[in-house]
2 protein chains.
Amino acid sequence: MARTTRQRAAVAAVFDQLEGFHSAQEVHARLRSAGDGVGLSTVYRAVQALADDGELDSIRTDSGEALYRRCSTQHHHHLVCRSCGRTVEVAGPAVEQWADRVAGEHGFADVSHTMEIVGTCAGCRARD
Amino acid sequence: MARTTRQRAAVAAVFDQLEGFHSAQEVHARLRSAGDGVGLSTVYRAVQALADDGELDSIRTDSGEALYRRCSTQHHHHLVCRSCGRTVEVAGPAVEQWADRVAGEHGFADVSHTMEIVGTCAGCRARD
DNA sequence: GCGCACGTGAGAATCGTTGTCAACTGAAGG
DNA sequence: CCTTCAGTTGACAACGATTCTCACGTGCGC
C-alpha cells in the first residue's frame, strides 16, 4: 500500500510549491491548468492520504470547504472576519501552554487543540 | 423585520432547553418529532438569523457540518478524551483575554472564539 | 516480463445547505 | 374587527463540496 504514482507525486508537489492553505478543488484546477491531468476523485484521495500520514494539516473554512497545507510550519490559529471571511494567522504560545497545563491538571496526555477566533474586521465595520 | 413567529420561537426554544452545540438538521428533527412542524429551510433561516443577532455562536465540525449553541451561558471550553470521549468543561479567563487582545491588535471587534482540546485521559492511558 | 492488488478517473450519488416562489400571516393602520 | 402588505413560511429544486462506484490502468514483487 501507499504506492507512489505520478498523481500522488503531483499533488504532493503542489503543496511543496505553495505556501498556506489550499482546497482540493484548487489543487485540482492548478494541476489541470498545468497540463497534468489528475482526476478530482484522485486529488481528494491523495490529499486525505497525505493528511492521514501527517504530511498535511487541514482546517475548514466558514463555508464548509476543507483546506490543507503542508504542516511543517509552526502551529498557529486563525482569526476570521465573520463578514468578509478575511483570515489572519496568529501564533499564541500562551494559549499552547495554557491548553497543555489545563489538560495536564485533568490527567490528559498527548494533547492537541484547535482554536478559532471570529470577529468583524476593521474594514467591514467601516463599511456598515 | 424580525417578526416573532411560532417557528422562530420554536427554534430559539430548542437552544434554551439544550446545552452545547447542535446542528440545524438536529433542531429540525427534534422539532418534527416534538410535533411542531417547522420546515427545514425555516430552521436554517432561523438559526442564521439568531447567529446574526449574536444569540447563537457557530462552529463547523470536522465533517463540515455547522453547529450552533446559545452563547449567553458563561463561556467555557471542552477537553475531550480522544479514546473514550469523556469531556471536561474548563474555563480559561487567560484564553479569553488573549483572544480579545490578539483580535483587537488586528482591528477585529465583536470577537468570539471556540476552542477544543483533545488528549488521552488518565484512565485510557492506564488501560492500554 | 507476469500477475494482481492497489490506484485511477469519469460520472453518479450523497449530504448539508441555500435558492425559489406561491401561499401565508404578524402587526400597523384604518 | 378588518385590510393591507411586507416579512415569513415550506415543499421542492438547485448547488457545491465531497464521496462512491466500477471498469480500466499500472506499480511492483516475483
Side-chain angles (χ1 to χ4, degrees), chain A residues 1-15 18 20-53 55-69 78 80 82-85 87 116 118, chain B residues 1-15 18 20-53 55-69 114:
Chain A
M1 44 191 73
R3 201 176 287 174
T4 61
T5 64
R6 176 182 68 80
Q7 291 88 342
R8 288 188 193 179
V11 170
V14 168
F15 286 97
L18 270 50
F21 285 97
H22 305 282
S23 68
Q25 305 267 355
E26 185 185 337
V27 171
H28 177 242
R30 204 171 278 270
L31 289 172
R32 176 141 302 190
S33 71
D36 282 337
V38 178
L40 182 56
S41 315
T42 303
V43 171
Y44 274 104
R45 279 185 296 239
V47 152
Q48 284 167 355
L50 288 168
D52 281 350
D53 289 355
E55 296 212 39
L56 295 182
D57 227 15
S58 71
I59 56 167
R60 291 258 169 195
T61 75
D62 241 27
S63 65
E65 203 178 1
L67 301 183
Y68 301 85
R69 71 157 173 215
H78 289 266
V80 186
R82 68 162 61 82
S83 174
C84 68
T87 300
E116 190 177 87
V118 192
Chain B
M1 48 188 71
R3 199 177 288 173
T4 61
T5 63
R6 178 181 66 78
Q7 291 87 343
R8 288 190 193 177
V11 170
V14 169
F15 286 98
L18 270 50
F21 286 98
H22 305 281
S23 69
Q25 305 268 354
E26 184 186 339
V27 171
H28 177 241
R30 205 172 278 269
L31 288 173
R32 176 140 302 190
S33 71
D36 283 337
V38 178
L40 182 54
S41 315
T42 302
V43 172
Y44 274 103
R45 279 185 297 239
V47 152
Q48 283 167 356
L50 288 168
D52 282 349
D53 290 355
E55 295 213 37
L56 295 182
D57 229 15
S58 70
I59 56 168
R60 291 255 170 198
T61 73
D62 244 24
S63 65
E65 204 177 0
L67 300 183
Y68 301 85
R69 74 163 167 209
T114 59

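In the text below, chain A, chain B and the rest are named by the order of the sequence lines, each starting its count at 1.
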**Student:** For B/Gln48, give me all partners under side-chain hydrogen bond (donor to acceptor under 3.5 Å, both in side chains), at least two apart in sequence or on another chain.
**Tutor:** none
**Student:** What are the two closest heavy atoms between A/Tyr68 and A/Phe15, and how far apart are they?
**Tutor:** O-CE2, 3.2 Å
**Student:** Give the rounded distance in Å between these two atoms: CZ of A/Arg8 and C1' of C/dT8.
**Tutor:** 9 Å
**Student:** List the atom of B/Val43, the atom of B/Ala24, and the distance in Å for their closest heavy-atom pair.
**Tutor:** CG1-O, 3.5 Å
**Student:** Take the protein atom NE2 of A/His22 and the nucleotide atom P of D/dT18, then report the distance between them rounded to whole Å.
**Tutor:** 15 Å
**Student:** Can a side chain N or O of B/Gln7 be found less than 4.0 Å away from OP1 or OP2 on D/dG10?
**Tutor:** yes
**Student:** Given side chains that start at C-beta, do those of B/Thr42 and B/Arg45 come closer than 4.5 Å, heavy atoms only?
**Tutor:** yes
**Student:** Rounded to the nearest 0.5 Å, what's the gap from CD on B/Gln25 to CG on B/Leu40? Could you check?
**Tutor:** 5.5 Å
**Student:** Out of the candidates A/Glu26, A/His28, A/His22, A/Arg30, only one should pair with A/Val14 under the side-chain contact (heavy atoms from CB on, under 4.5 Å) rule; please name it.
**Tutor:** A/Arg30
**Student:** A/His28 NE2 to D/dT18 P: how many Å, rounded?
**Tutor:** 13 Å
**Student:** For B/Leu56 versus B/Val47, what's the shortest heavy-atom pair and its separation?
**Tutor:** CD1-O, 4.0 Å
**Student:** With the criterion being N/O to N/O and under 3.5 Å, what pairs connect the protein with nucleotides 17-22 of chain C, and how long is each?
**Tutor:**
{"unit_1": "C/dT17", "atom_1": "OP1", "unit_2": "B/Ala66", "atom_2": "N", "d": "2.7"}
{"unit_1": "C/dT17", "atom_1": "OP2", "unit_2": "B/Tyr44", "atom_2": "OH", "d": "2.6"}
{"unit_1": "C/dT17", "atom_1": "O5'", "unit_2": "B/Tyr44", "atom_2": "OH", "d": "3.3"}
{"unit_1": "C/dT18", "atom_1": "OP1", "unit_2": "B/Gln48", "atom_2": "NE2", "d": "3.2"}
{"unit_1": "C/dT18", "atom_1": "OP2", "unit_2": "B/Gln48", "atom_2": "NE2", "d": "2.5"}
{"unit_1": "C/dG19", "atom_1": "O6", "unit_2": "B/Ser41", "atom_2": "OG", "d": "2.9"}

**Student:** Does B/Arg6 make a side-chain N or O approach to OP1 or OP2 of C/dT25 shorter than 4.0 Å?
**Tutor:** no
**Student:** Among residues at least two apart in sequence or on other chains, which ones pass side-chain hydrogen bond (donor to acceptor under 3.5 Å, both in side chains) with B/Arg60?
**Tutor:** none
**Student:** Regarding B/Thr42, tell me which of base, sugar-phosphate or nothing describes its non-hydrogen contacts under 4.0 Å with the strands shown.
**Tutor:** base
**Student:** Between the axis at one end of the helix from C/dG1-D/dC30 to C/dG30-D/dC1 and the axis at the other (five pairs apiece), what's the angle to 10 degrees?
**Tutor:** 30°
**Student:** Distance check needed: C/dA10 C1' versus A/Leu31 CG, whole Å only.
**Tutor:** 17 Å
**Student:** Please enumerate all protein N or O atoms sitting under 3.5 Å from an N or O of nucleotides 4-6 of chain D, with distances to 0.1 Å.
**Tutor:**
{"unit_1": "D/dA6", "atom_1": "N3", "unit_2": "B/Arg3", "atom_2": "NH2", "d": "3.3"}

**Student:** Quick one: list whatever passes side-chain hydrogen bond (donor to acceptor under 3.5 Å, both in side chains) with B/Thr61, sequence neighbours left out.
**Tutor:** B/Ser63
**Student:** About how many Å separate CZ of B/Phe21 and CD1 of B/Ile59, when rounded to the nearest 0.5 Å?
**Tutor:** 4.0 Å
**Student:** What is the distance from atom OG of A/Ser58 to atom CG of A/Leu50, rounded to the nearest 0.5 Å?
**Tutor:** 11.5 Å
**Student:** As a test of reading the structure: which of C/dT8, D/dG27, D/dT9 is closest to the side chain of A/Thr5, going by heavy atoms?
**Tutor:** C/dT8
